[in-house]
Amino acid sequence: MSPRHRALLVDLLANLVWPVVVLTWGSGDDALGPRWGPVVAMLGPLAHASVKRLRHGRASPLSVLVIVSIALNAASGFIPLTARWFAWKEALLPVGFGLLFAGTARSGPGLLSGLLDELVDADRVRSALDERGTTDAFASRIRRGTLGFGAVVAASGVLSGALARVLVTADTGTPEFASQLGRYTAWSWPAVTLPTVLGSAWVLRGVLDALEASTGRPFEDLQG
């Protein structure tokens with residue numbers, strides 16, 4: 001496994017697998033409980049963001065998003081909210097993030113260009129694009145990919161809000177809310193997370209195919 005693939009695997013384990021496992025199976029009263037469960041769930045993305053900050057001078061945007069999302073979920077358990085406002089809260093964060101992500105494509109290729117640099121050797125890619133004169137065409141393709149990725153994330157917020165509206169009918173802070181939140185978290189994986197991952201992979205696959213076509217080289221030759 002290449003260092004870049006290993007880094008991507010660590011990203012997924014720290015930011016997705018760890019929080020989902022802890023929140024789904026470790027936050028009940030018979031385990032960590034509703035207070036300590038979210039705290040432990042945040043340790044994975046927090047540690048990952050800290051290590052990346054120390055090594056590369058910047059934190060992982062995904063880690064920050066996961067930490068904020070978990071913190072809001074934890075806080076909602078102690079702040080009086082109706083079930084309707086909880087559903088709105090679940091929807092607004094990813095919708096807002098998706099719109100902000102897409103908005104970065106207004107004046108350039110957008111944030112997807114930075115994510116792509118995590119997978120390839122940026123200098124090698126630029127050199128190959130310059131040789132073939134396809135720099136502008138590929139930048140336009142990344143821009144469309146940034147818009148597509150933002151749309152996928154925003155759509156996940158709509159799905160999250162709809163799922164929360166159906167499964168969480170109790171107000172926050174009640175015993176019913178704790179059990180319903182666990183059921184909602186469990187269902188979020190197949191109903192929201194999996195479609196979002198597949199949609200994001202489809203967008204990224206399209207960009208990588210365009211990268212190979214624009215550079216005239218296979219993806220493996222463009223990695224560091």
Side-chain angles (χ1 to χ4, degrees), residues 11-49 60-103 147-203:
D11 277 350
L12 293 175
L13 290 174
N15 295 314
L16 294 178
V17 176
W18 174 267
V20 167
V21 169
V22 173
L23 290 174
T24 303
W25 290 286
S27 297
D29 290 331
D30 57 342
L32 295 169
R35 290 182 180 272
W36 285 104
V39 173
V40 175
M42 285 190 286
L43 291 180
L46 182 60
H48 181 65
S60 166
L62 178 59
S63 296
V64 175
L65 179 65
V66 172
I67 291 169
V68 171
S69 179
I70 294 174
L72 288 174
N73 274 336
S76 67
F78 306 99
I79 299 174
L81 288 176
T82 64
R84 175 175 296 181
W85 278 109
F86 175 79
W88 274 107
K89 187 269 297 181
E90 288 296 289
L92 289 176
L93 183 63
V95 167
F97 179 78
L99 293 177
L100 287 173
F101 194 97
L147 293 172
F149 188 83
V152 168
V153 175
S156 75
V158 175
L159 289 174
S160 294
L163 186 67
R165 194 75 181 94
V166 172
L167 296 181
V168 181
T169 58
D171 295 344
T172 63
T174 63
E176 293 81 5
F177 173 78
S179 61
Q180 290 177 1
L181 181 61
R183 183 173 58 175
Y184 164 72
T185 302
W187 273 100
S188 290
W189 179 256
V192 180
T193 304
L194 183 58
T196 302
V197 169
L198 292 177
S200 301
W202 178 74
V203 171

Q) Who are the side-chain hydrogen bond (donor to acceptor under 3.5 Å, both in side chains) partners of Ser200, not counting sequence neighbours? A) none
Q) How many angstroms lie between OG1 in Thr196 and CZ in Phe149, if you round to the nearest 0.5 Å? A) 9.0 Å
Q: Could you pull out all residues at least two apart from Ala87 that satisfy side-chain contact (heavy atoms from CB on, under 4.5 Å)?
A: Ala164, Arg165
Atom pairs and distances, side-chain donor-acceptor, residues 152-160, under 3.5 Å, sequence neighbours left out:
| from | atom 1 | to | atom 2 | distance (Å) |
| --- | --- | --- | --- | --- |
| Ser156 | OG | Val153 | O | 2.5 |
| Ser160 | OG | Ser156 | O | 2.9 |

**Q.** Test side-chain contact (heavy atoms from CB on, under 4.5 Å) applied to Leu163 - qualifying residues, sequence neighbours left out
**A.** Leu167, Tyr184, Trp187, Ser188, Ala191, Val192
Q. Which heavy atom in Gly161 sits nearest to a heavy atom in Ala91, and how many Å separate them?
A. CA-CB, 3.9 Å
**Q.** For Trp88, side-chain contact (heavy atoms from CB on, under 4.5 Å) partners two or more places apart
**A.** Arg84, Trp85, Leu92
